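Input: a single structure, listed below in structure tokens.
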Number of protein chains: 2
Amino acid sequence: MPQSAQTAQPSPPAPAPAPRRVADATRERLLSAAAHLFSERGFVATSMRAVTQAAGVSVSAANYHFGSKQALLEAVCEHHIALLNARRLAALDAVADRFATSAPPLEEVLRAFLGPLFEPSDPGLQQCSRAIAARLYSDPPEVAWELRETLFGPLRLRMLALVARALPEADPAQLGLALQFTVGAMVHSVSGNLEPVSGAAGSASNDAWTVELMIDYCAAGMRAVATRTALGGTR
Amino acid sequence: MPQSAQTAQPSPPAPAPAPRRVADATRERLLSAAAHLFSERGFVATSMRAVTQAAGVSVSAANYHFGSKQALLEAVCEHHIALLNARRLAALDAVADRFATSAPPLEEVLRAFLGPLFEPSDPGLQQCSRAIAARLYSDPPEVAWELRETLFGPLRLRMLALVARALPEADPAQLGLALQFTVGAMVHSVSGNLEPVSGAAGSASNDAWTVELMIDYCAAGMRAVATRTALGGTR
DNA sequence: GTCTATATGTTGATAGAC
DNA sequence: GTCTATCAACATATAGAC
């Protein structure tokens, strides 16, 4: 976004594809190390020293590139969550387009909302993105609240609108609550809290059917709330 | 536990009900202050200084009574969660007794599991217990994992067994996953993440119908998972 | 039992050499 | 750009006076 007229390099063909710019490499290494540590131990429990040590640079280098720990955190989250949410928003838009006139099937809406979280698009990066997204819901409000609302607010509103179209008879307020239940189930699953109860050995292809089960669970839950609304149980 | 033969004071009738023992009062003030701070800002983000300052005592007093920050944390959790889980276990046992021969209704099981979390038994203490329980699911694993398993493990196993009896046709592994979705929705709601989407002004009597909605949602979700199992979708 | 004083380590952030 | 050196503030925990 900042450099708009600089997308392609003008004159030098840049023959060697090797170490482009050292500064960029450092910045990237810091982002990667921070992402891993933040996702594993949370934001507050991760020190700048741990991050810079894992990245193989000094603390000052990190502060030069990002200015503060909070800024580094925000950069990491934006980097990971933006990609993730872009896919989720695109999937929701696709469903909205396919069902522009009729009510979209609730399962399709939920698949668009939940699916991208579990798709193994990138090998190591994806697992990180999930955990970071989950951390945004668990770490202390004063550090994560604003960031969470910025990153997830629009997506949640879009989702709520689409769910309301899928269940037109439901009271919007109750649907909002049902959506929060859904988000809770999602966050808890993504946080890696699944193992203790189910054996859950191979987390490799396991994700695919976890999503399917989750879609069924949440769709049925939402329909139950909608039905309760339709029966006059608004209060 | 340490003082077993000292439960009741022997000879003096203790006429004044006022300041019993100063030491006990300090210990209690520390527990209360720690509970509030832990529930609001999480364990790692709360310092001993903050706790002791809020309690009006010195840091050494806290370390005298509890020995370490982790021990204080465990004392706080045990104090709050034990009460909470005792009520939940009792409710589950009551359901199991009432339906000793036949399959218990899923809604009854869920109400026993979820209801005590939202009952306003104690005015200020209850809100704290909820938030602390939620923190145990969100704070970094290295501080909360063991404690969480100790406190919630037995309850979860009891719950899973009862759910399996309510839905005999379901595959236990899938039921376990469905139970995790339920726990996720519960934790997220208890964490106070409800407001941003629903207006949710009066949290006073609001809780009652939040539970009802949640029971409907989770029961429908679990039944959907059980039905999918019965249809042969085990894998 | 509770305090003051202190030991010892870590935190996030900065100044200035290179 | 990246480092070393250093800062003040804070952390947990302990020793010893009262």
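Throughout, protein chains are lettered first and strands after them, A, B, ... in sequence-line order, and every chain is numbered starting at 1. Everything numeric here is computed off the predicted structure, so don't read it as measured data.
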Checklist entry - Does A:Phe113 have A:Arg88 sitting over its ring (NZ/CZ under 6.0 Å from centre, angle to axis within 45°)? => result yes
Checklist entry - Which whole-number value in Å describes the distance from A:Gln53 CD to C:dT11 C1'? => result 14 Å
Close N or O pairs between protein and nucleotides 11-15 of chain D (under 3.5 Å):
from: D:dA11; atom 1: OP1; to: B:Ser47; atom 2: OG; distance (Å): 2.4
from: D:dA11; atom 1: N7; to: B:Arg49; atom 2: NH1; distance (Å): 3.1
from: D:dT12; atom 1: OP1; to: B:Met48; atom 2: N; distance (Å): 3.3
from: D:dT12; atom 1: OP1; to: B:Lys69; atom 2: NZ; distance (Å): 3.2
from: D:dT12; atom 1: OP2; to: B:Met48; atom 2: N; distance (Å): 2.9
from: D:dA13; atom 1: OP2; to: B:Lys69; atom 2: N; distance (Å): 3.0
from: D:dT14; atom 1: O4; to: B:Ser60; atom 2: OG; distance (Å): 2.9

Checklist entry - What do you reckon, are the aromatic ring centroids of B:His188 and A:Tyr137 less than 6.0 Å apart? => result yes
Next on the checklist: Check this for me, if you would: do A:Arg156 and A:Glu149 make a salt bridge, where the nitrogen-to-carboxylate-oxygen distance has to be below 4.0 angstrom?
Outcome noted: yes
Checklist entry - Got a salt bridge between A:Asp207 and A:Arg130, using NZ or NE/NH1/NH2 to carboxylate O under 4.0 Å? => result yes
Next on the checklist: Output the rounded distance in Å from CD (B:Glu28) to C1' (C:dG1).
Outcome noted: 16 Å
Checklist entry - Do A:Tyr217 and B:Thr182 have a side chain donor and acceptor closer than 3.5 Å? => result yes
Item to check | Nearest-angstrom distance from the residue atom CZ of A:Phe43 to C1' of C:dT11 | outcome: 18 Å
Checklist entry - Rounded to the nearest Å, what distance is computed from the NE2 atom of residue A:His65 to the P atom of nucleotide C:dA13? => result 16 Å
Checklist entry - Taking all atoms of both residues into account, what is the closest heavy-atom pair of A:Ile132 and A:Cys77, and its distance? => result CG2-SG, 3.9 Å
Checklist entry - D:dC10 P sits how many Å from B:Arg41 CZ, rounded? => result 12 Å
